[in-house]
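Here the structure is a predicted model, which means the values were calculated and not measured. Proteins get letters first, then strands, A, B, ... in listed order; numbering begins at 1 in each.
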Amino acid sequence: MVLIYTPAEAPEKRIGFAVGKKIGNAVIRNKVKRRLREAVTPLLPEIAPGCRLIFIARSPITEVTFKEIESTVRRLVQKAGLIG
RNA sequence: CGAGUAAGCCAAGUGACCGCGCGGCGUGAAAAAUCGCCGUGAGGAAAGUCCGAGCUCCAUAGGACAAGGGUGCCGGAUAACGUCCGGUGAAGGCGACUUUAAGGAAAGUGCAACAGAAAUAAACCGCCCCGCGCCCGCGGGGUAAGGAUGGAAAGGUGGGGUAAGAGCCCACCGGCGGCACGGUGACGCGCCGCGUCCCUGUAAACCCCACCCGGAGCAAGAUUGAAAUGGGAGCAUUUAAUGGCUGUCCGUCACGCUCCCCGUAAUCGCUGGAACUGUUUGGCAACAGGCAGUCAAGAUAGAUGGUCACAUAAACAGAACUCGGCUUACGGCUUACUCGAUAA
RNA sequence: GCGGGUAUAGUGUAAUGGUAACACAUUAGCCUUCCAAGCUGAGAUAGAGGGUUCGAGUCCCUUUACCCGCU
């Protein structure tokens with residue numbers, strides 16, 4: 001997974017998910033998006049306002065459990081320095 | 001038990017916590033937001049976009065034809081269809097059963113490589129007769145049974161007949177024509193006649209015949225329409241100010257106001273319909289009619305998920321204007337039937 | 001949403017329904033002391049499946065992948 005991070009001027013939190021056609025068919029893409037949303041939502045109160053994030057999914061995400069997705073998302077956000 | 005054939009059904013459910021879309025009610029002075037409660041929330045193919053319709057806009061007096069495209073045995077069903085149902089013929093399978101683009105080759109044109117003597121026309125090897133000749137063989141004639149080539153060689157099998165043969169003659173089968181009967185019809189069945197029964201195949205080659213088709217598509221289309229920029233028209237002009245063209249002067253353009261165009265976007269279209277469920281009547285069936293009941297997603301980057309428990313949840317796959325089909329992908333289950341093996 | 005096209009040797013392209021051709025590349029041999037050049041050969045079941053036909057790369061249907069156009 002890849003995280004693209006841009007600081008925003010206004011105190012807002014905008015998060016987007018990019019799941020390309022290489023990941024799979026429509027059912028699999030929808031599922032990946034749903035799981036990513038579910039993984040990011042608990043982190044929302046911890047993230048400092050004023051940021052724009054884009055999560056880009058790569059193909060191994062289809063064979064991975066939800067817990068791994070959750071830990072990867074948390075690691076990426078920590079690496080970006082948004083939460084302590 | 002194995003191998004098949006046909007028809008049909010399901011596409012998970014329940015509970016706990018946390019979340020999502022839409023609708024209703026409450027909260028809120030009102031709108032929006034928030035919060036709470038209740039209801040509801042993807043498919044058999046939602047897919048491919050191969051056909052047919054509704055709906056909307058454009059064109060069109062009405063009709064006919066051409067071009068282009070499509071369909072093509074018969075009868076029925078349907079809003080319509082290239083779909084479905086029931087039949088006929090043909091083909092395949094031991095069988096249950098299945099498949100079928102199945103009009104016209106005597107309207108015309110084209111094509112049929114190679115092989116073969118010859119491909120729409122006839123005699124290479126043969127067989128037979130006659131003449132010459134010592135047998136081999138040569139010349140003339142008859143013939144198309146056999147061989148050889150080919151996907152296809154002027155019906156097939158058997159018998160008679162003959163110098164050898166040949167529908168030359170006969171029987172059966174096939175073919176063509178006519179009549180009668182049955183059937184709505186495709187067609188079936190029977191009888192009679194025809195041996196001039198000469199005319200290959202290909203129309204999924206052009207084509208002919210019959211029938212059908214105006215075009216575009218919900219990003220259709222309708223309503224509303226902020227700011228800025230751009231374009232157009234009109235008005236106003238102070239010898240005002242500001243900016244550009246040259247630092248200054250003159251000149252000129254823009255900047256002002258009103259209207260129009262363009263249009264970021266929002267709302268509608270958007271789900272009550274050739275609808276679904278049950279039952280009954282008619283029909284072999286497709287289907288149609290009656291009665292009763294139900295309202296059952298409507299998003300706009302696109303909603304169904306996460307963690308658990310129930311031994312375990314598996315295939316293909318995610319609505320985007322809506323229906324009727326077709327095609328393709330795919331898991332499981334049930335019923336009936338056929339064939340084979342084994343046992344009684 | 002609507003419509004069109006392409007797929008042939010490793011690569012780029014041809015061919016009227018009748019033996020799949022050309023160039024470069026690959027490879028084997030010849031030539032040369034060796035290399036290059038040159039000469040002579042070899043390698044394809046036509047994206048996949050089915051049908052029409054005596055015969056299909058070509059005609060028809062289904063399907064897969066890619067490309068393009070309109071809105």
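Against the 90° criterion about 0, the sugar-base torsion of rG167(B) places it in the syn range. For rA311(B), the glycosidic angle deviates from 0 by 90° or less, giving a syn base. For rU162(B), the base adopts the anti conformation, since its glycosidic angle falls more than 90 degrees from zero. Because its glycosidic torsion is more than 90° from 0, rA118(B) is reported here as anti. Against the 90° criterion about 0, the sugar-base torsion of rG44(B) places it in the syn range.
The distance from atom NZ of K31(A) to atom P of rU304(B) is 12 Å, rounded to the nearest whole Å. Atom CG of L36(A) and atom P of rA303(B) are 13 Å apart (whole Å). One can place CZ of R35(A) at 17 Å from C1' of rG318(B), the figure rounded to the nearest angstrom.
Remark: rA144(B) base-pairs with no nucleotide in the shown strands. Criterion, Watson-Crick or G-U wobble with two distances under 3.5 Å. Judged by Watson-Crick or G-U wobble contacts below 3.5 Å, the nucleotide rG139(B) has rC130(B) as its partner. Checking rG28(B) for Watson-Crick or G-U wobble geometry (two distances, each under 3.5 Å) identifies no partner in any strand. Here rU202(B) sits opposite rG110(B) as a Watson-Crick or G-U wobble pair (both hydrogen-bonding atom distances under 3.5 Å). Pairing of rA210(B), defined by two Watson-Crick or G-U wobble distances under 3.5 Å, is identified with rU71(B). Base pairing of rG230(B) is made with rC261(B), judged by Watson-Crick or G-U wobble geometry with both donor-acceptor distances under 3.5 Å. When both pairing distances are held under 3.5 Å, rG269(B) makes no Watson-Crick or G-U pair with any nucleotide shown. Base-pair partner of rG305(B): rC18(B) (Watson-Crick or G-U wobble, both distances under 3.5 Å).
Here the separation of rA23(C) from rU64(C), taken at their P atoms, is 38 Å to the nearest Å. The separation of rU267(B) from rC22(B), taken at their P atoms, amounts to 12 Å, rounded to a whole angstrom. Between rG63(B) and rG263(B), the distance separating the two C1' atoms is 45 Å to the nearest Å. Here the separation of rC73(B) from rG217(B), taken at their C1' atoms, is 38 Å to the nearest Å. For rU99(B) and rA341(B), the C1' atoms lie 31 Å apart once the distance is rounded to whole Å. Across rU13(C) and rG55(C), the matching P atoms stand 34 Å from one another, rounded to whole Å. With both ends at atom P, the span from rG5(C) to rC59(C) equals 12 Å, rounded to whole Å. The gap from the P atom of rA112(B) to that of rG87(B) amounts to 46 Å, rounded to the nearest Å.
Closest of all the heavy-atom pairs between L76(A) and L3(A) is O-CD2, 3.6 Å.
If you check rG318(B), rA303(B), rG306(B) against the side chain of R34(A), the one that comes closest is rG318(B).
Mapping E70(A) and K33(A) onto RNA chain B by nearest heavy atom places K33(A) closer to the 5' end of the strand.
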For this session: Check the pair F55(A), T72(A) against side chain to side chain contact (heavy atoms under 4.5 Å, CB included), reporting the backbone distance first and the verdict last.
Result: CA-CA 11 Å; F55(A) 290 91; T72(A) 307; over 6 Å; no

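A distance of 11.0 Å separates CZ in R75(A) from CD in E68(A), rounded to the nearest 0.5 Å.
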